[in-house]
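Chain A is the first sequence line, chain B the second, and so forth, proteins listed ahead of strands; every chain is numbered from 1. Here the structure is a predicted model, which means the values were calculated and not measured.
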Amino acid sequence: MIVFEDVSHDYGGGPLFRDVSITLGAGSFHFLTGPSGAGKSTLLKLCYGELIPSAGRVSVMGQDRRQMTRDEMAATRQRIGIVHQDCRFLDHLSVAQNVGLPLTATGRPLPQGDLTDLLGWVGLGDRADALPPTLSGGERQRAALARAVIGAPTLLLADEPTGNLDWDMSQRLLLLMMELNRMGTAVLIATHDMNLIRFAKSHVQARVLRISGRKLTAAGAEL
Amino acid sequence: MSRDARAISDLVVPRSGQSVWLVTLSAAAMAFLAVFALALAVSAAQLARGWSAQLAQTATVRISAPPDEMERQTALVLEVLRTTPGIAEARVMDSAEQAALLEAWLGPDLPLDALPIPRLIELLETDAGPDRQGLRLRLSAEAPGAVYDDHTRWRRPLVQAAARLQALAIVALGLIGVVMTVIITLAASASLASNGQVIAVLRLLGARDRFIARAFVRRISRRALLGSALGTLVAGALLWVLPDLGSTVQPLAGFGLQGPSWALLLVIPPLTMALAWTASLATAFHVLRGVT
Ligand SMILES: Nc1ncnc2c1ncn2[C@@H]1O[C@H](COP(=O)(O)OP(=O)(O)OP(=O)(O)O)[C@@H](O)[C@H]1O
Ligand SMILES: [Mg+2]
């Protein structure tokens, strides 16, 4: 799905990380941890092509990011579900419209039943017609996850998807992601939440990557 | 695009945003101006055609001779004209007609008989017209006081003026198009810039540039069409009542649109819309290139 070869990234104030090489295979499950500001969100942005690495090579779904045309990038993103750390909704559309957007904005049919079921699962059944600015932080994250999975992506990238949620709801969302993974979706979750990682590891084969001190390392069995 | 896709593309751009209203307003103003420029171009063309047609087939022969020579030379000239191919009719103006012509310049109480006024012969030429050089030579040989005047001297500046007026009107139309394009480009840029967040989100969800661009282009060109239709309608209505003025105010006589040329106005709104479509599409793609 995603291959990094000796990737470095630099926003202009010195490299954030250097020579990162990873492979996220189809159907894999990864966590990404590390201190705040280490570059977790940056690494995710490199995965879905919002950023282009300052050095090295990023391949997304078998294509070199640098070689991709804009339409190829769009087509690839249709197969990637993304939960942004800051959620990013269209504030003038309802929650239901926002959640359906990955399908409607790309010309794919949106089954109303699926939309209702999904909103119910993330506990937003009665907030479907609300506008995003009226949602709580946790509600926003649930809506963001619903939007990320509605298109049945082959890769799910989630940046702190449970940061504002209580443990029950965090578990619920993680179960949703594990269910998707069981059906073949590769998952990468950036998180600080060790409980979440432990909970996942007790259910699925999950690898933990740790980014700190400009290096990406595979975290050991201590987790 | 399917109906659903069109519906969603209308939704993704927030309705607020004054730049879109500015498009309506300026399209209306520009269409209004375009109507009058178009009317000017059409009237100038008609005027030029009218003047050249009216004047092309008439000519005069002026005879200046001492009073005792006048009758003889007039007869000779008429004989020459009668035998010249290309002249349909020749008619000596009587003194009342000549007095009427001169009245405009010299006043009504003119003792015409006492003045050495040249005699005028009015000619009606056939479409082909006479051999003008040959006619001049024959006249000067037969009647030394006769001068042939085919009105070229008068006609040319009039027709030239009308043609220049028409060219000016066409330039004005072109400038209106340029201004319209600039306004729409600016409005599209403003609209795209104020919706940077919307564009970024749509891109990250996998929307193609074409989809995002169309959301803006449809909004802007629909506004341009609306504004242009309004402007054309108002200007057209004003133009419709204008010919009433024409009969009393001479300089306005002949200004306006007649018969089928009214149909030209129907071109303005769709043309404005096409212009808006192209300009905003180009702008949208330009802006989108800066979003990953
Ligand atoms: N667009 C940008 N321009 C310049 N610097 C940036 C930009 N985005 C992020 N950074 C910097 O890069 C570093 C890494 O940011 P990033 O968002 O990847 O961290 P993170 O690991 O996700 O942190 P957190 O856990 O707080 O979300 C930070 O120091 C941040 O200030
Ligand atoms: Mg982050």
Mind checking whether A:Leu101 and B:Val12 have side chains closer than 4.5 Å, heavy atoms only?
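A:Leu101 vs B:Val12: side chains touch.
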Heavy-atom pair with the smallest gap, counting every atom of B:Leu11 and A:Gln97
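Distance-wise, the nearest heavy atoms are CD1-NE2, 3.3 Å.
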For B:Leu288, which atoms come within 4.5 Å of any heavy atom of chain A: side chain, backbone, both, or neither?
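Both backbone and side chain.
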Please classify the contact of A:Arg147 with chain B as side chain, backbone, both or neither, using a heavy-atom distance under 4.5 Å.
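Side chain only.
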Anything in residues 48-76 of chain A with a heavy-atom distance to chain B below 4.5 Å? Please list those residues in order.
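Result: A:Tyr48, A:Gly49, A:Glu50, A:Arg65, A:Arg70, A:Asp71, A:Met73, A:Ala74, A:Ala75.
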Is the number of heavy atoms from other residues, nucleotides or ligands under 6.0 Å of A:His192 NE2 greater than 12?
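Atom NE2 in A:His192 is crowded, with more than 12 foreign heavy atoms closer than 6.0 Å.
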Is the number of heavy atoms from other residues, nucleotides or ligands under 6.0 Å of A:Arg207 CZ greater than 12?
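Counting neighbours around CZ of A:Arg207, 12 or fewer heavy atoms of other residues, nucleotides or ligands fall under 6.0 Å, so no.
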Pull out the residues in residues 201-208 of chain B that come under 4.5 Å of chain A, heavy atom to heavy atom, sorted by number.
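If one takes a 4.5 Å heavy-atom cut-off, the residues of residues 201-208 of chain B near chain A are B:Val201, B:Leu202, B:Arg203, B:Leu204, B:Leu205, B:Gly206, B:Ala207, B:Arg208.
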